[in-house]
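Heads up: the structure comes next, in structure tokens.
Bear in mind the structure is a predicted one, so any value in this text is a computation, not a measurement. Indexing begins at 1, ligand by ligand and atom by atom, following the structure's order.
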Amino acid sequence: MPTAYLFDPIYLQHYERGHVEGPERLDHINRALDSTGLRARLVELKPQPIALERLTRVHHPGYVDQVKSIAQRGGGGLAGRGDETYVAPQSYEAAVLAAGAVVTGVEAVLRGEATNAFALVRPPGHHAFANHGEGFCLFNNVAIAAATARAEFAIDRVLIVDFDIHHGNGTNAIFYNDPTVMYCSTHQWGIYPGTGYWDEIGMGAGTGYSANVPMLPGWGDTAMLRVFDDLLMPIARRFHPQLILVSAGYDPSWTDRLGSMLVTTRGFFQLTQRLVWLANELCAGKLVLTLEGGYGLEGLAYGVVASFAAMLGDEAFTDPIGPAPRPELAFDQDYLNRLRALHGLT
Ligand SMILES: [Zn+2]
């Protein structure tokens, strides 16, 4: 079965002049897919707009109306949340089709039409809460896909892995009390949104179903792979998901403008390989990635290429960008041991 990607030109219409989260991000990804010859190895699926009942399974109807009405009156910022999260005239349509792309990818994978899929979308989603958007996110694409899989496809356990450099505060909040959707995140400590402390492990019935791993600035491939191999993968195996969704953010790249981690393109290949291995081992390969952040355009574009190479089952990847110009900060094994103990791993 093929590896699929989803894209629509409407994602380029979500735009505010000078904003770091701009359409050039997807332009660079599309160019890299062509220049590396990778696109020819993929199948393109057409994103379907999300039905309102799927959107409102996660978001309050009043918030959906708010985004729609700001777009209809010509765009603007989200009220009361500063000006960093914008709504352009075409943003509602783009956001509806961004959520729709992840759901379309999930449907294809669950129906056996694709092994795995990657939704190349904007606006991103993981900072969007049930009743408000923030952090450049309008609707929570990955949460809507998880909720759809749960409600409509008889999937009892969904794992969401979030390797964006920012904590997916919206996603984590939406499922914080829910033992059926496990959320695992690595994120740089000390930057927006300031949540995702290591002891945030869920609440009520959801206790133990959130794993948050703050990372230090200067950590790179070594730290990420260690955290995946020795913490997140064992936790995922214990959970035994039937579907794995990934908030794929490439802002841990050493090329990034917003983050201070040092992950390489090869590192993104190795990270995605682990997710592919996990999906093969636990859920017949069912894996759907959705694009979140990534603001170093080369690091973003080739990071996405690297993820596709891993999804296709390539065993090696040549890093076109190379390592960071400075060495990684040494990883702290004691910290990992404390996290393993907290999560009941011995
Ligand atoms: Zn991010």
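Formation of a donor-acceptor pair under 3.5 Å by the R274 side chain with backbone atoms of Q270 is found in this model.
Checked against ring-ring contact (aromatic ring centres under 6.0 Å, His included), F175 has no partners two or more places apart in sequence or in another chain.
Sequence neighbours left out, the pairs with a member in residues 286-301 that pass side chain to side chain donor-acceptor pair (under 3.5 Å) are S247-E292.
When hydrophobic side chains of Ile, Leu, Val, Met, Phe, Trp and Tyr are connected at separations under 4.5 Å, M203 ends up clustered with Y176.
Sorted by chain and number, the protein atoms of type N, O or S within less than 2.8 Å of the Zn ion (ligand 1) are D164 OD1, D164 OD2, H166 ND1, D251 OD2.
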Do D314 and R41 pass the salt bridge (Lys or Arg N to Asp or Glu O under 4.0 Å) test, and can you show the C-alpha distance, the side-chain angles, and the key distance before you say yes or no? CA-CA 11 Å; D314 290 3; R41 303 172 62 198; 2.7 Å; yes

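Under the 4.0 Å criterion applied to side-chain N and carboxylate O atoms, E44 and R39 are not assigned as salt-bridge partners.
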